[in-house]
Each structure stands twice: as structure tokens, then as C-alpha cells.
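Below, each value reflects all heavy atoms present in this structure, side chains not excepted, and no hydrogens, waters or symmetry copies. Each chain gets a letter, A, B and so on, in the order its sequence line appears, and its residues count up from 1.
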2 protein chains.
Amino acid sequence: MNAETDAPYRALERRAREAGIEGEDWVRFVENTRVRSIPKGALLVSAGEPVNDAWFCSEGLFRLFYPLPDGREYNVAFSTENDYVTSYGAMATGEPSAFSIEALEASTVVEIGRGVLRELMDRSHGWERFVRLAVERLYIRKEERERQLLYLPALERYEAFLRKYPGLDRRIPQYHIASYIGVSPVSLSRLLRSRRGR
Amino acid sequence: MNAETDAPYRALERRAREAGIEGEDWVRFVENTRVRSIPKGALLVSAGEPVNDAWFCSEGLFRLFYPLPDGREYNVAFSTENDYVTSYGAMATGEPSAFSIEALEASTVVEIGRGVLRELMDRSHGWERFVRLAVERLYIRKEERERQLLYLPALERYEAFLRKYPGLDRRIPQYHIASYIGVSPVSLSRLLRSRRGR
DNA sequence: TCCGGGAGTTAACCTAGGTTAATGCGAGAT
DNA sequence: ATCTCGCATTAACCTAGGTTAACTCCCGGA
């Protein structure tokens, strides 16, 4: 492991230690995963396909989105530095993924195969815990998002987006934000206009 | 453990075995949890309060709902026989719960304290796995619900509700369903009328 | 038997946000 | 300097669903 491939693992290693993973358990993880560069625009996951890996983003930016039959798309989440990037439900169940994952910037990820992950969880209490904590985190986010979608008006959903993803509004086009908060691009533009005028 | 208190544990025990829990691990669980009867209308969890227990419903019916400042409410889920009943995010983080949980029928649950759960997870790889699987299940549901809220029209959300909770439409008033699928009671009534006319 | 309350229905009206389409505008490529 | 392309804005129109309020139905209790 050299300096270059080392960097993407750093944030992960910290989290692994918090879950009680060390020594042998960590080495086995490093030896069975790899760092990948994902070019801008590439799909990590395609809706309708099974998913065989999970990722951890060490650099870059992804969006998770549902493609609709009519060609439109709904963004449901973004993943940036030091965040998981995964169609977790699909990977856990073996079902085809309901959504796609696209790199919005050139990105660097750590990739782990479902088989490797399963084996780590089988052998090691620590890895089992690590995954439990990761899923917890994903779950809590969804709970929060559900609440926002249900009972915040569109403008407040926009403000919640700004708080949750600070700075992201300057990295992605506005229509991706509109899609994420569940309104049309024109409508978001209208909302922002009215917000500017108090 | 006698026949009466035994019954509520049966479905749980099956799941525990699937996660590799047996012998000592299972006994410790049974000894540190209890069966409770919840009368119709009682709140297991109140929004704004911290949550110290999780439950498994062996009989009865619960709704999970967000109370709004203006007095209205949004249902986000129901739990029936052999299902978890929990404000999991709040219990995991220690934050106050964002939603309340109310028994819609007289119900029977198995109750486990957060400290007991934590200890089981610390001592036992199997219990760690059990919880991981439980959270996975909760997560996958939220993913699905998000998709439905986002891109199904109201009538199809109603039909999805019927599929997900078979028979429930005859156990609860229609306005609870309306709230769950995110429309007003009048609107749902309109939708159903138009559905009847093809 | 009658009364009262909770639930569902229906109708009239209103509004947030969708749709379409035209216009504006900056940034890169030639 | 100009052309183009992708994105944002604005305006005109439309519609799904919210709101309010009457009316109905049913069921349970006195």
C-alpha cells in the first residue's frame, strides 16, 4: 500500500476503528477492495440491473436517481466526499436496482464486492457492526427526507437541501436540485425569484 | 416461560435463529425483555420525547405519524402482526423522536430496552447481525416508499398501499389511509369514486 | 325509538405547481 | 468576434388536489 492508494482509505479506516475493526480484519478489507477512478458522466449502477458492489466516495460527487419510463428522472440523493455510494437495498436483496448512480464529477471510490462484504461480516463481529452502523446512517437519512418531502413546502425543502449539502448548489446545475426537492426546474426558478424579493 | 407469554416470542425466535442466535444468546434476550399489552389509543412513543425501547408487534396494529404544529398529522407507516414497531432513528441516536406511535387496536408487543439491545449487540455477533438485518428491512421499505411518494400518482399510491398492507383498508378509517398516501380525505374519496367508475 | 357523533361523500371554489414555449445569457469552441 | 449549446428565466395557461362546508349514513347509547 503506497501513499497514492492509501489516501482514499483514510476516512474509512477511521470509521472502521470506531466499529472495533483492527489488525487482521482491516488488512483483509484492504487486500480485497480496490480504488477506482470514475470519469464524469459514468454510471456506477444502472436501474434495472443487479448490483454487485458497494462504494465509498473519497473524492468527487454522485447523484442517485430514478429514471421514469417517460424519460424523465428524479434525483433522490447525492453522495460526496467521505460518503457511501450504494444501491444498498438492491445489493442486500439481490434484486435489480430501482435507481441509477451517476458520477457528476470525476471521482475516486473504494469498491467492495458483495461477496467480500458478506465474508467480512461472517468472519468478523466488527465488520458486522460496521455495516449495521452504515445502514443505520442510510436509514436515518431516509427518515428525515421522508419527513421533508411530506410536510415541508417546496421553498423550505430547498433550504433544507442547502443545509444538508453545503456548497453543492454551486457544483451542480439547478435542475438537479429541482429534481431532488421534487419540483420542476421552472417552478424552482419561480420560487427562488420570490425568495429574493423577501 | 409458560405457554401464554411464549406465543409472542415465536416469530421473533424464528428470525433470531436465521441470524445465527441460539442457546445462551436467546435465553439472555428472553430474560431481559417483556411482553406488554397496549390498549387501543395508547401512545408507545410521543413525538419530541426520547425513546428508550423498541418493540416487536405480535398482535394488533400501530400507526407511526408526524404531528404537525398546526394540529394535523401525517401517517408514515403502519405496523401489524410480526413486525417491528420502533422509532429506530431516535433510539439509535438518542435524539427525541420526530414522530409518534399509536396503537390503533389493542395490541401485544415484546419490549426491549435500548441498553439491553446494546449489550446483546456487544456480546454477540449474532445479535449484531439480527439488528443489521432488521435495519436493512426498515431501510428497504423507506426506499420503496420514497419512490412511491415521488413518482406515483395518488391513486396508484392507494393501490400500492392495498398491496403492501392487505386487508388493512378494512381495519382502519379511510382518513388514516389518505394521510398515509399523502392526500386529503376528501381527495381520496374523490379518487375512489372516479376509480369505481373505471 | 330517537338522538348524537364520527365517518364518508359531494359540490364550489381556490391555489401551488406543472407544462409549454419564448427569451436571455454566459462559456467554450472555431 | 461570433456561433452554439446548455442552462436559467419569465410569462400564459392548465390541472390535480387542497379547503370549506353542506349533506348523508351508520352505529351505539339512553
Lys/Arg cation over aromatic B:Tyr180: B:Arg145, 6.0 Å, 45° cone: yes
Nearest-neighbour nucleotide for the A:Tyr175 side chain, C:dT9, D:dC7, C:dT10 considered: D:dC7
N/O (side chain, A:Arg193) to phosphate O (OP1/OP2, D:dT9) under 4.0 Å: no
A:Glu128/B:Arg132 salt bridge by N-O under 4.0 Å criterion: yes
Main-chain N/O of A:Glu105 paired with A:Ser107 side-chain donor or acceptor, under 3.5 Å: yes
Protein proximity profile, nucleotides 15-29 of chain D - base contact B, sugar-phosphate-only contact S, no contact -, cut-off 4.0 Å on heavy atoms: --BBBBB--------
Any A:Gln174 side-chain N or O less than 4.0 Å from OP1/OP2 of D:dG6: no
Nearest-angstrom distance from the residue atom CG of B:Asp169 to P of C:dA7: 16 Å
Sub-6.0 Å ring centroid separation between B:Phe99 and B:Phe65: no
Salt bridge flag under 4.0 Å for residues A:Asp6 and A:Arg10: yes
Aromatic ring proximity, centroids under 6.0 angstrom, A:Trp127 and A:Phe29: yes
